[in-house]
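To start, the structure itself, in structure tokens.
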Amino acid sequence: MKEQLTTLIQQALDTLIAQGVLAADIAPQIQIDRTRDKSHGDLASNIALTLAKPAQRKPRELADLICAALPANSLVTRTEVAGPGFINFFLSDDSNQAVIRRILEQGKAFGTSDTGRGRKVQVEFVSANPTGPLHVGHGRGAAVGDSLCRLLAATGWDVASEFYYNDAGAQIDNLALSVQARCKGVTPEDPEWPQDGYRGDYITELAQAYLRGDTIDAEDRHVSGSGDVEDLEDIRQFAVAYLRREQDMDLKAFAVHFDVYFLESSLYTEGAVERTVARLIENGHCYEKDGALWLRTTEFGDDKDRVMRKREGGYTYFLPDVAYHLNKWQRGFVRVINEQGADHHSTVTRVRAGLQALEQGIPQDWPDYVLHQMVTVMRDGEEVKLSKRAGSYLTLRDLIDEVGRDATRFFLVARAPSSQLTFDIDLALSQSNDNPVYYIQYAHARSCSVMRKLAELGWEWQAQSALQHLDQLQEEHEKSLLRQLDRYPEVVAGAALNCEPHLVAAYLRELAGDFHTWYNAHKMLVEEQAVRDARVALSQATGQVIANGLELLGVSAPEVM
RNA sequence: GGGGGUAUAGCUCAGCUGGAUAGAGCACCGGCCUUCUAAGCCGAUGGUCGCAGGUUCGAAUCCUGCUACUCCCGCCA
């Protein structure tokens, strides 16, 4: 619709240029906005305001000229110059109602687009190390990252999701030592408990499973425990597999899928780390100091240089990070989005600096980052304190078990990633209008219930014939709903472009509100067939869009509630 | 001290990349169930968009400087 209108305005401008009213060398950006106020019509353009200065004319005068030059068409029924020089466009009922046809014809595909043109994009998210179950912060990453994948796929990108984890570093040593200690009967309260050891109850369960000699089938590895308390390497393998399996179950319960699990250890075994170091040294960006090897990241905008190889010989996490991202680049991901907690934001400059130092022609601002802020959890009006050290923590699975997958996903994705998020358990549990998840799902269920009721009453409804009667939709509530439905593709495109899935959540809340308002004000299943057909079509279309939107958030759209 | 983020109604938050009179939901107040699901709907109240400048036809939005809150600043990841 906007495209068609843009073409019309362009034609009007061309006419004015031909008439000598406008200079031929102006290259206007034609911007068309939805109006906020219905009295301003359906769409509006500020073109006369932006062109006023170069054209050396008053905005309103120019607006009048543009309106007069607009070619005849069936789209616009009326134009109006308003305010400082806006041109308001009132569209024909027919073009406003056409959205229902598009929705019913396109079904699940309504709202999708091809801006990605099949280009490859990788989204890395969660990437929790296998040292414990996933907590609520990981949950936010999972909800945002997965929704982002869905949004990108919906806008034509070839999306690959990836989970990166360190299965071999110092933290894994701590984990293995903790499990070993627990196997020997030592508890976290004892003085001989390992320094920096992990203390959660899951360590005990893990130790018991190891001693039993359980076999672990994780998504990307399968290990049987020997039960040998002295075999630290065996404990390490077992512990990693065990916690990977735990995380798999968390993610499965959350309906989040990854295409690739990438192991940090593989960067070592395949020589990528060594090659990266050699390259950085060769490029002259390194130096030795205090027995360590440093990368001069300050050359690339970092505020201080970073250690790559520690005095004791091992590498810091920074180097494998660089090697990993080089690997992503070499896999052909011209676009990469890393979704992480904002507490890791300092790695952004560092990784980009490391990539620049490799001199591989990687763009300075590659990869992209989406950083989400912290999550706090409230229950009974009080903050639930999470302390990993003390081992008291609310896991993602606890939360899913308590409030359900849909509510968990919705709440974690419904805020801008850049905003801190308060997860109110009581709100998520409430089955009332306070709770946006139920509100939205209920709107969908209602649209389904209308169809059931229709069948009960012995009426037939067919899309093709119903579409002939859309001109029956003359109520104000219906027009609002039509406008809202028409926005959906733009909402999806905007959410994908800005990596902000919460825009979809906010939209769905509004759409559901408009639907409930209409539903309450007007009976759908009326005797008069033409009206009934049209209203059911609108209801069906709304249900379809709600289902499509919820799908993008990974939330189910129940048919009955 | 340096850096990231945030600041909009009593509370929780939107605000479509600069547009017209600032938007929801809770909460509070007043209405609506013999009617397709009241898990709902309608109405009223509520704002110096943190503060001060700047950019321009026009700023909650962009720039600068403050203030408050929060996260990070390891040879941990």
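Residue numbers begin at 1 in each chain, while the letters A, B, ... track the order of the sequences. Bear in mind that the values here come from a model prediction, so they are computed numbers and not experimental data.
A stem is defined here as three or more consecutive Watson-Crick or G-U pairs, each with both distances under 3.5 Å; for RNA chain B these stems are B:1-7 with B:67-73, B:10-13 with B:23-26, B:29-32 with B:40-43, B:50-54 with B:62-66.
Contact annotation for A/A414: no contact, since no heavy-atom pair falls under 4.0 Å across all strands. Here A/H477 lies out of heavy-atom contact (under 4.0 Å) with every strand. Within the 4.0 angstrom heavy-atom criterion, only backbone atoms of the sugar-phosphate kind lie near A/L503; the bases stay farther away. At the heavy-atom level, A/Y507 lies nowhere under 4.0 Å from the strands shown. Within 4.0 Å (heavy atoms only), A/S449 reaches at least one base atom of the nucleic acid. Heavy atoms of A/R415 sit under 4.0 angstrom from primed sugar atoms or phosphate atoms, though from no base atom. At the heavy-atom level, A/A521 lies nowhere under 4.0 Å from the strands shown. Among the atoms of the strands shown, none is found under 4.0 Å from any heavy atom of A/D33.
For B/rU12, its base never sits under 3.5 Å from the side chain of A/D424 at any donor and acceptor pair. A donor-acceptor contact under 3.5 Å links the side chain of A/N88 to the base of B/rA20.
Across B/rA39 and B/rA77, the matching C1' atoms stand 44 Å from one another, rounded to whole Å. One C1' atom belongs to B/rG46, the other to B/rC51, and the distance between them is 23 Å to the nearest Å. Rounded to a whole angstrom, the distance from the P atom of B/rA44 to that of B/rG3 is 48 Å. When the C1' atom is used for both B/rG19 and B/rU61, the distance is 11 Å, rounded to whole Å. For B/rG18 and B/rU12, the P atoms lie 28 Å apart once the distance is rounded to whole Å. For the C1' atoms, the distance from B/rG25 to B/rC41 is 15 Å, rounded to whole Å. Atom name C1', nucleotides B/rC69 and B/rU17: the rounded distance is 26 Å, in whole Å. The gap from the P atom of B/rA22 to that of B/rG40 amounts to 30 Å, rounded to the nearest Å.
Side chains of A/W518 and A/S539 form a contact here, defined as non-hydrogen atoms less than 4.5 Å apart. The side-chain heavy atoms of A/R34 and A/D486, taken from C-beta on, include a pair separated by under 4.5 Å.
Not one side-chain nitrogen or oxygen of A/R36 sits closer than 4.0 Å to the OP1 or OP2 atom of B/rU21. For B/rG5, the OP1/OP2 oxygens have no side-chain nitrogen or oxygen of A/S419 closer than 4.0 Å.
Between A/F411 and A/F423, the ring planes lie tilted relative to each other; the angle falls in the 30° to 60° range.
Using a cutoff of 4.0 Å between basic side-chain nitrogens and carboxylate oxygens, A/E456 and A/K453 are scored as salt-bridged. A salt bridge does not link A/R296 to A/D302: none of the charged nitrogens lies less than 4.0 Å from a carboxylate oxygen.
If you take CG on A/L280 and OG1 on A/T297, they are separated by 11.0 Å, rounding to the nearest 0.5 Å.
Nearest-nucleotide assignment on RNA chain B puts the 5′-proximal partner with A/H502, out of A/H40 and A/H502. Mapping A/K453 and A/L371 onto RNA chain B by nearest heavy atom places A/L371 at the nucleotide closer to the 5' end.
Straight-line distance from the NE2 atom of A/H444 to the P atom of B/rG40: 18 Å, rounded to whole Å. Straight-line distance from the CD1 atom of A/I87 to the C1' atom of B/rA20: 14 Å, rounded to whole Å.
B/rU17 has its base syn relative to the sugar, with a glycosidic angle deviating from 0 by at most 90°. Applying the 90° cutoff around 0 to the glycosidic angle, B/rC33 is assigned syn.
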Quiz item: Can you give one letter per nucleotide of nucleotides 69-77 of chain B, going 5' to 3': B for a protein heavy atom under 4.0 Å from the base, S for sugar-phosphate only, - for none?
Solution: -SSSSSBBB
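Remark: A/R57 engages A/E61 in a salt bridge (charged side-chain N to carboxylate O under 4.0 Å, His left out) (not counting sequence neighbours). Every side-chain contact (heavy atoms from CB on, under 4.5 Å) that A/V81 has, sequence neighbours left out, goes to A/R60, A/A63, A/D64, A/C67. Applying the side-chain contact (heavy atoms from CB on, under 4.5 Å) rule to A/R452 yields the partners A/C448, A/S449, A/E559, A/V560; only residues at least two apart in sequence or on another chain are considered. With sequence neighbours excluded, no residue forms a side chain to side chain donor-acceptor pair (under 3.5 Å) with A/D426.
Closest to the side chain of A/N46, from the set B/rG19, B/rA39, B/rA14, is B/rG19.
The ring of A/H344 has its center no closer than 6.0 angstrom to the ring center of A/Y369.
Judged by a 6.0 Å distance limit and a 45° cone about the ring axis, A/R244 is positioned over the six-membered ring of A/Y165.
Stacking between A/F86 and B/rA20 is present: the aromatic ring centre lies within less than 5.5 angstrom of the base six-membered ring centre, and the two planes differ by under 30 degrees.
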